[in-house]
Amino acid sequence: MSQTKTMGVRISSALSEFAAANVGDNGTYENTSEYVRDLIRHDKERTEQEAFDRLKAELMLAFAAPEESYRPSSAADVIGRFRDDRGV
């Protein structure tokens, strides 16, 4: 199992009240830490899904292009274009 870290977070009273409503006897979560971990996991999944969706859209465009527009590329060419696009 990976190491755990403790984080301190400041939130407004409105957010604190909202979180408290989701924790304990009347909430879905046993404690605030469990709630925050679940929020982070869901955000991570959303971020990964968005990246996958962008990649899928790019691939769909590439496969929809006419075959005569294809050009051979080496791995070095692809890596170079990636770095150029990102300014690396």
Taking all non-hydrogen atoms of both residues, which atom of [X] and which atom of [Y] are closest, and how far apart?
X	Y	result
Val78	Ser73	CG2-CB, 4.1 Å
Glu34	Glu30	OE1-N, 3.3 Å
Thr32	Val23	N-CG1, 3.8 Å

Handout entry: Cluster check Leu39, Tyr29: I/L/V/M/F/W/Y, side chain < 4.5 angstrom
Key = yes
Exercise for the section: Go through the structure and list residues passing salt bridge (Lys or Arg N to Asp or Glu O under 4.0 Å) with Asp84, not counting sequence neighbours. Expected result: none
Would you be so kind as to tabulate the donor-acceptor pairs closer than 3.5 Å made by side chains of residues 53-71, with sequence neighbours excluded?
{"residue": "Asp53", "atom": "OD1", "partner": "Gln49", "partner atom": "NE2", "Å": "2.8"}
{"residue": "Ser69", "atom": "OG", "partner": "Pro66", "partner atom": "O", "Å": "2.6"}

Practice task
Kindly compute the distance separating CZ (Arg81) from CG (Asp77), expressed to the nearest 0.5 Å.
Solution key: 6.0 Å
Exercise for the section: Determine, stepwise, if the pair Glu45 / Arg41 fulfils salt bridge (charged side-chain N to carboxylate O under 4.0 Å, His left out). Expected result: CA-CA 6 Å; Glu45 289 170 4; Arg41 280 187 205 100; over 6 Å; no
